*Asks:* 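Quick one: the structure is below, questions incoming.
Model, not experiment: these values are computed from the prediction.
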Amino acid sequence: MARSSRPPPEEDEDEQQPSNVLQFSDALSWKAGKPIPTGTLITRLKALSKELIALEQEAVDRESLATPARELVNVGLLQHKDPGVKAYAACCLADMLRLHAPDAPYTAVQLKDIFELFVRQLRGLADPETPYYQQHLYLLESLASVKSVVLISDIPNSEAITLKIFTNFFDLARPDGPKNVEYQMTDILVQLIEECNSLPSEVVDIIVAQFFRANPAALAAITARGKPAVKEMKGKKDDGQTKLIAPVPPPAYNMAKAICNQCVDKMARQICQYFSEVIMDASPSARPRNKGGRHTSMSPDSDSDDPALHEPSHEDLQELHKAHLLVKELWKACPAVLQNVIPQLEQELMAENAEIRVLSTETIGDMALTGTFGANAPATWKAWIGRANDKSSAVRAKWVEAAVRIMKERNDFMAVQLVDLVAVKLNDLDDRVRLSACVSLGELDYASITTKLGADLSPFNTYNPELASGAPVAAAATAGRGKGKSADGDGKGWGKRILHHLGERVRDKKFSVRWEGMFCLARMWNMAYADIAAGNEIVTAQLGWIPSKILDTFYINDAEVNVLLDHVLFGVLLPVNYPPIEKESKLVVSAGENGGGSSSRKGKEKEAEKEREREIAEGDKIRVMRLLVLVKGLDVKAKKALFAVPLRQISYAKVMDVFLKSCEDYNGGVMDKDVEEEGVKRALNKFIEWLSQKLPDTPKAKENLLKFAKLHDRRCYQLIRFCFSPDSDYRTVVKALKEIKKRISEAPGTAPTIMETLTPLLYRVSQLIYNKSHVPHIVEFSRTDEASLSAVAHEVLKEMSSSNPAVFKANVKALSDLLQEQSSARSPTDSAGAVDTLKACAGFAKSYPADMPQERKLLQALVGFALTGQPPAAAKHAVSILMYSAKRRDMYAADLIRRCVRDFEFGGEHFLAKLACLAQLVLLAPAQCEEENDAIMDIAKDVLLKAVLKMLMQLVVKEGELSIDEDTPRAHKSRLRLSAALSILKLASSKIYDDLITPTDFNRLACVIQDHCTEVRARFVDKVKKYLASSRLGNRFYTIIFLMAYEPVPEMRDAAVTWVKARTASMRKANAAGNVMEAVFARLLSLLAHHPDFGTQVEDLADFAKYILFYLTAVASEENVSLIYHVAQRVKQFRDGLSPNNSENLYYLSELAQAVIRRYAEHHHWTIQTWPGKIRLPAGLFMPMQSAEQSLEVSRSTYLPEEIELRLDALIKPKSARHGGAHGAGGKKRKSDPNAPRGTASTPAKKKYKAAAATPAGESAEKRKVGRPPKTPKQAPSDAERRRSGRSTTKVKYVEDDDDEEETVEAESDEDSDVEMGDAGSDGAADDEEEEEDAAAAVKTRKEKPAPAKRGRKPRGERILDEEEAAASATPVRGKKAKATTAAVEPMQEDAAEAEKEAEKDAEPEKEPETEEADAPAPSSPQKKITPMKRGRGRPKRGGAAASSPEPTATVVVAERKPARGGRKTRASGTVTVAAVNGTNGSAGAGAAAAAAAAVEHEDSSELSEPPSDGE
């Protein structure tokens, strides 16, 4: 024990005695029945206390203390009724213990009585107003400084005293109490803990209970799960400690915290034991098996099979929640005492019970928010990270909540290593996990979003989990991280991926996830709005994409999503009450309250009114700026969605207006007698039905709308009309919405769900985006370019004028003044900005011509714009305004026409404005244009037919290069060539201009579909499809679509195939123009023959085979494949019309097309039939042969090289066939179909060709053209790369949908680098490097259909038609009877020369009248099937003998024709032996002889003398 720090009291000099001897000699004890009076006793005790305080501990005479020390422990004195006596006695006893230290002069029993007295006296510290408060303070100070409490350990059964001391001290700790009392009590408690060998469990309970005071809300939440009162801890009686809760940590919490930090070792053991007991008591298997005891969940004796015994009860879980709350608070206060508890938490992470795992996951997650948990407990941290992939969705959901909080609070590696797992959890399979992730991310602050997740150099984006996976902690969740790996293999950028994965949640299949995801993103953009509006490019790049992502959901067109989008748009992105609108201006109120004269009061009111107007204008400007900033950051698709909202408002407002009228007629269900009740109800139900269909819960919406009608609040009707009236300003609309909500919510007997239905409808009908209050500020932004919003303001004005011109009524004067200013300035910038203003006024003038101002200056400005406007669109809109609204429109029209036509010169001053003016006048004032019609047509022909078309085509050819120095930026070039191509398409939509586009120019235009810029290709193909769908373009433009075989964007390529299929089906259904798509194939072959990339090498031919396969995928079917094959054959019967002396390219493609078609048909198990009719080929592209000899020579020549066969097999054959068929490695055997045609059932693909291989009789005499360099000159390598449009690594899938089974058709595709269209001022992006890889895109087709049974099949494959079959196979020509002639099939050993003579004989020229030329019948026409023969890869060498094996042959039926105009009757005599090959050189087979005869037959080219029709 130490010496007291309290100074001794002062004494008089004459009374000073030696300080080492006690002078007190009065008696303190008394005999029974003769007590000392209380006053006397107090006086004596005071005197004794005074002397004892003055004595020094080291020099005191302890013998002089013996008598007072013995008398002080008298029972009468210790248990005296007077509090003063006991207070002074306690002080004297404390001094006795101090003076006798370290040996107390008392027995254990006496010490027990003494300390019980001390405990009772210390309770007096609770009341500072007690008269003996100073004695109580002295007693506490003495015990703390002298450490007398250590004597308690010498007392037997001292646990009760210890418990009382802890209980009283924690109860005495008050927020308003002296701090020294708190510190002294803490010291005493620490002394007790350090001296005790074992701390009672009750004391541990009291200590840990103090930590609940720090988080009373969490404790209340845990308690609320059970009984209303706080449940006793561990079944023991609660001494009120857990009931003491405070909003801030009280001194008792600080005392417990100090105790744990100063007694770490002992408290760590005690708390570990405490936590273990809680876990054991909460463990189901720890419940007593009998009255004798219990066992833990890890006990091997836990053999109960009852599932109920293995689940913790509600009370057990409540105790676990309390224990875990305690652990979290202990971690914050004194983490060192939990060193033995953390391993138990790790074991809980592995528990079978999911709720226990959830609880431990939450606890460790909260502990990881502070401190160095990962470093102190790496094994537990690793196990916690592994819970990201827990089998329970509840655990994963709790984990992601904790992980996001850690990422928010921490910046070290503990937080960084969680970023990739959080990104993966946003795509979790369970919607509860995704929902938790969205909710947690929504709680991030702005700094965390921009500096952690969005910043490029943030550790959250530079961290690579693949590189860190070797670390012991980072390797914990390797399995879950694999799912989040990007396609390019880059393991960085996970912070940004969290944002983008969150963006994908706006399209989640679960509504709750969509709701949280969309609102979370919207709130992020709302926090970033100030920086985005200020032009912060970094924040714009990080979060500027959010509104576009949200508005993209508009295209889902789902009622539930649309309602959600309404709430997000008008609740967060463009809040209805932004900025807040006050009910009444403060200045107006203060002016009304001030006294004074009437004149001064009126003056103040006027000033207040002006100030209020300025406030309103400022609020409108702030709102407009937010709208413009939002629009500025949207992409094209999202911008269209936002601009569609005001359009939707107009239609909804009309329906709402008639709905309100129906509600008024309904009159709450009480209608007059003269009103047709059924009609009113029917009309009301009709509009309720329409409105409810636009909402997600239709039955509930109907019910709520009917309740609204029955409510019959006429004031609400008027307020709703205020909302959609164009004459309402924005404040009126907002106030009306507020009052509607208030009235309906407070109406008696109304359901609260009415507003749930009515709110989205009110959003949709109200003038919230386009309001007349916004117009002047939008005009102001367009004029001043404040915050760089001028261009956006012009765009909004343009959209507003086209969708809702009524809002301009109140501001049309401002627009007219703006036009006058811009007309007087006449600078290029002002003129360009005037276009949008002019368009806005034009839209208003068209809808409200009478409201347009008629000022002379305005009309003169419009005339000036019409004649000299720059750009020409300004002239167009100026003419529209004059023609719509000018009172003397005829005069203005005649004057403008005369001034435009007079002295017009192409390239002269303002010639573009004059052209635009004339174009608009022709549309709007045709009567006035009649007088100058000839002059106008001359101008149109000279300009449009010559100069414009030539210039546009030059732009296409030069890839948009205009400058002589060839220094045009790439971004400008891409836009120029796109505009030129689109302009040519627009011209081609007119028959006159289409005829001026030569085939050569058309071929150049078609190459735009293979431009290296994705935007150019996308917009060009969209325009082509749009014009073709509306029949504005000729059929030759279909060939452009088929050049998309190498389109590197799979979505665009698949969309093209789908569009062609739909278009083909539509034309067939309408029976339009015959076989358009089939006839287009000839044009496609001509286009490919003149393609800059065409070559006759094997690689080039294999590349161009993919174009043909792409065409077949989109067009070919079992019904029209024969016609397509016929067109391919016919192409070889003519010369190239564009390059007659270089027709070999066309013949290469003809043979290539036949080979591809045969393989494609065989793959789909289709039968190619001889086409009985004829189809005309375009005369401009194809020319007849010069002679029969040339025709025969071409027909006998084979142009394709032999090596192409393997490439075509690899292109078209299924994988199973190329890898060994049914017997390939890993392949499955395929059962033969007894109903399938011979040779198509089970023969492997490679062997099938060999089995059907044959050599035609004339093979030895035929000529074979070897591969040669292309004669068509190629462009520079860069041009070729551009036109190939990305031949690199993309796999092209050609899909043919059938009914039953699907097989694989493979095609290789290449992909080129893609240069995006940049801004007008940029040079564009650099080309990506070209890559190459083999593509094997598997696409399934249906099972083979059994072919019909064939008659007369010879054992050796020969087929002879009898007379009846031949007659049936002949097709009548235009109603005239055709006579069939049977051609005999010669044996395969027949001499080749004889076969050639037969062919020449049949191919003699025959004059045929045009009336006998039959158009090709529809594919559904009855045809005679002739089984095509197949030839293999083996064929005789040039000049060699024919093979001795028999060769299957086919019969050609030649129709007998009548002579024309007295001509002789010619009949093909003899026989024609044709080997219908299925290999590459198809022209040497059935097509050879038939082509020779057909070529001579068409030598007169009567069909080519006529211009081709669209159907040809």
*Asks:* Do side-chain atoms of S790 reach the backbone of S782 as a donor and acceptor pair under 3.5 angstrom?
*Replies:* yes
*Asks:* Measuring only between side-chain heavy atoms, which start at C-beta, is N804 closer than 4.5 Å to I769?
*Replies:*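 No; the side chains remain at least 4.5 Å from each other.
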*Asks:* Inspect the contact between R975 and E1015 and indicate whether a charged nitrogen and a carboxylate oxygen are less than 4.0 angstrom apart.
*Replies:* no
*Asks:* Would you confirm whether R1032, through its side chain, and Y1027, through its main-chain N or O, come within 3.5 Å as a donor-acceptor pair?
*Replies:*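 No; judged by distance alone, with no hydrogens or angles, the pair does not exist.
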*Asks:* Measure the shortest side-chain to side-chain distance between L918 and V901 over non-hydrogen atoms and say whether it is less than 4.5 angstrom.
*Replies:* yes
*Asks:* Could you tell me whether the side chains of R626 and N526 share a donor-acceptor contact shorter than 3.5 Å?
*Replies:*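 Short answer, yes.
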*Asks:* Hey, does the side chain of D994 reach the backbone of S990 with a donor-acceptor pair shorter than 3.5 angstrom?
*Replies:*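 No, D994 side chain to S990 backbone: no donor-acceptor pair under 3.5 Å.
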*Asks:* Side chain to side chain contact (heavy atoms under 4.5 Å, CB included) with F554: which of L565, V561, L642?
*Replies:* L565
*Asks:* Can any side-chain N or O of S974 pair as donor or acceptor with the backbone N or O of A971 at less than 3.5 Å?
*Replies:* yes
*Asks:* So, S1066 side chain and R1063 main chain: donor-acceptor pair closer than 3.5 Å or not?
*Replies:* no
*Asks:* Quick one: closest heavy-atom pair of S801 and K839, and the distance?
*Replies:* OG-O, 3.4 Å
*Asks:* Closest heavy-atom contact between L976 and L955?
*Replies:*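 For L976 versus L955, the nearest heavy atoms are O-CD1, 4.3 Å.
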*Asks:* Do the non-hydrogen side-chain atoms of R764 and V645 ever get within less than 4.5 Å of each other?
*Replies:*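 SC-SC contact between R764 and V645 ruled out.
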*Asks:* Before giving the answer on salt bridge (charged side-chain N to carboxylate O under 4.0 Å, His left out), spell out for K632 and E795 the whole-Å C-alpha distance, their side-chain angles and the decisive distance to 0.1 Å.
*Replies:* CA-CA 10 Å; K632 183 179 180 181; E795 186 177 6; over 6 Å; no
*Asks:* Using a 4.5 Å cut-off on heavy atoms from C-beta on, say whether the side chain of P872 contacts that of L915.
*Replies:* no
*Asks:* side-chain contact (heavy atoms from CB on, under 4.5 Å), that's the test. Do K738 and N577 meet it? Break it down for me.
*Replies:* CA-CA 10 Å; K738 290 182 178 180; N577 195 25; 3.4 Å; yes
*Asks:* Please find the pair of heavy atoms, one from Q767 and one from Y730, that lie closest to each other, and give the distance.
*Replies:*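 Answer, listing the atom of Q767 first, then Y730: O-CD1, 4.2 Å.
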*Asks:* Quick one, L691 with F659, criterion side-chain contact (heavy atoms from CB on, under 4.5 Å). Give me CA distance, side-chain angles, the key distance, then yes/no.
*Replies:* CA-CA 9 Å; L691 292 173; F659 169 69; 4.0 Å; yes
*Asks:* Go through the steps for D620 and H777 under the test side-chain contact (heavy atoms from CB on, under 4.5 Å), then give the verdict.
*Replies:* CA-CA 7 Å; D620 292 336; H777 301 288; 3.4 Å; yes
*Asks:* Hey, what do you get for OH (Y652) to CG (L761), rounding to the nearest 0.5 Å?
*Replies:* 7.0 Å
*Asks:* Any side-chain heavy-atom pair from I881 and M852 closer than 4.5 angstrom?
*Replies:* yes
*Asks:* With the side chain counted from C-beta on, respond yes when Y770 and E799 share a heavy-atom pair under 4.5 Å apart, and no when they do not.
*Replies:*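 Of all side-chain heavy-atom pairs linking E799 with Y770, at least one is under 4.5 Å.
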*Asks:* With a 4.5 Å heavy-atom cut-off, do K549 and W545 have their side chains touching?
*Replies:*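 Yes; the side chains approach each other to less than 4.5 Å.
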*Asks:* NE2/H774 to CG/L768 distance, rounded to the nearest 0.5 angstrom?
*Replies:* 8.5 Å
*Asks:* Going by an N to O cut-off under 4.0 Å, is there a salt bridge joining D552 and K640?
*Replies:*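 Salt bridge between D552 and K640, a charged N being under 4.0 Å from a carboxylate O: no.
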*Asks:* Should the pair K772 and F808 be classed as cation-pi, given the thresholds of under 6.0 Å to the six-membered ring centre and 45° from the axis?
*Replies:*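 No, K772 and F808 do not form such a contact.
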*Asks:* What is the distance from atom CZ of F844 to atom OG of S885, rounded to the nearest 0.5 Å?
*Replies:*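 So the gap between those two atoms works out to 9.5 Å.
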*Asks:* Look at D895 together with R899 and state whether they make a salt bridge at an N to O cut-off of under 4.0 Å.
*Replies:* yes
*Asks:* Ignoring hydrogens, what is the shortest heavy-atom contact between V765 and Q649? Give both atom names and the distance.
*Replies:*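 Looking at all heavy atoms of both residues, the shortest contact is O-NE2, 2.8 Å.
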*Asks:* Tell me whether the guanidinium CZ or amine NZ of K694 lies under 6.0 angstrom from the six-membered ring centre of W690 and within 45° of its axis.
*Replies:* yes
*Asks:* Quick one: are V792 and L627 in side-chain contact, heavy atoms under 4.5 Å?
*Replies:*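 No; the side chains remain at least 4.5 Å from each other.
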*Asks:* Ion pair present between K654 and D657, side-chain N to carboxylate O less than 4.0 angstrom?
*Replies:*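 No.
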*Asks:* Any chance you could measure D566, atom CG, to Y763, atom OH, to the nearest 0.5 Å?
*Replies:* 8.5 Å
*Asks:* Relative to the ring of Y529, is the ring of Y578 parallel (under 30°), tilted (30 to 60°) or perpendicular (over 60°)?
*Replies:* perpendicular
*Asks:* In Å and rounded to the nearest 0.5 Å, what is the CZ to CG distance from F519 to L573?
*Replies:*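 With rounding to 0.5 Å, CZ (F519) is 9.5 Å from CG (L573).
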*Asks:* Return the CG to CG distance between L952 and L949, rounded to the nearest 0.5 Å.
*Replies:*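 One gets 6.5 Å once the value is rounded to the nearest 0.5 Å.
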*Asks:* Kindly give the heavy-atom pair with the smallest separation between K637 and Y555, and that separation in Å.
*Replies:*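 Reported closest heavy-atom pair: O-OH, 2.6 Å.
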*Asks:* Using modelled atom types and a 3.5 Å cut-off, is there a donor and acceptor pairing between side-chain atoms of S725 and backbone atoms of R721?
*Replies:*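 Here the side-chain-to-backbone pair does not exist.
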*Asks:* Show your working on side-chain contact (heavy atoms from CB on, under 4.5 Å) between V506 and L564 and close with a plain yes or no.
*Replies:* CA-CA 10 Å; V506 300; L564 173 57; over 6 Å; no
*Asks:* Of the non-hydrogen atoms in S548 and A638, which two are nearest, and what is the gap between them?
*Replies:* CA-CB, 3.5 Å
*Asks:* With a 3.5 Å cut-off and no angle check, do the side chains of Q920 and S880 form a donor-acceptor pair?
*Replies:*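 Yes - a donor-acceptor pair under 3.5 Å links their side chains.
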*Asks:* Ignoring hydrogens and angles, tell me if any N or O in the side chain of Q854 forms a donor-acceptor pair with the backbone of L859 under 3.5 Å.
*Replies:*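 Side chain of Q854 to backbone of L859, a donor-acceptor pair under 3.5 Å: no, none is there.
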*Asks:* Do Q820 and E855 have side-chain N/O donor and acceptor atoms under 3.5 Å apart?
*Replies:* yes
*Asks:* Around K914, counting heavy atoms of other residues, nucleotides and ligands shown, do more than 12 lie under 6.0 Å from its NZ?
*Replies:* yes
*Asks:* May I ask you to decide if L762's main-chain N or O and S766's side chain share a donor-acceptor pair within less than 3.5 Å?
*Replies:* yes
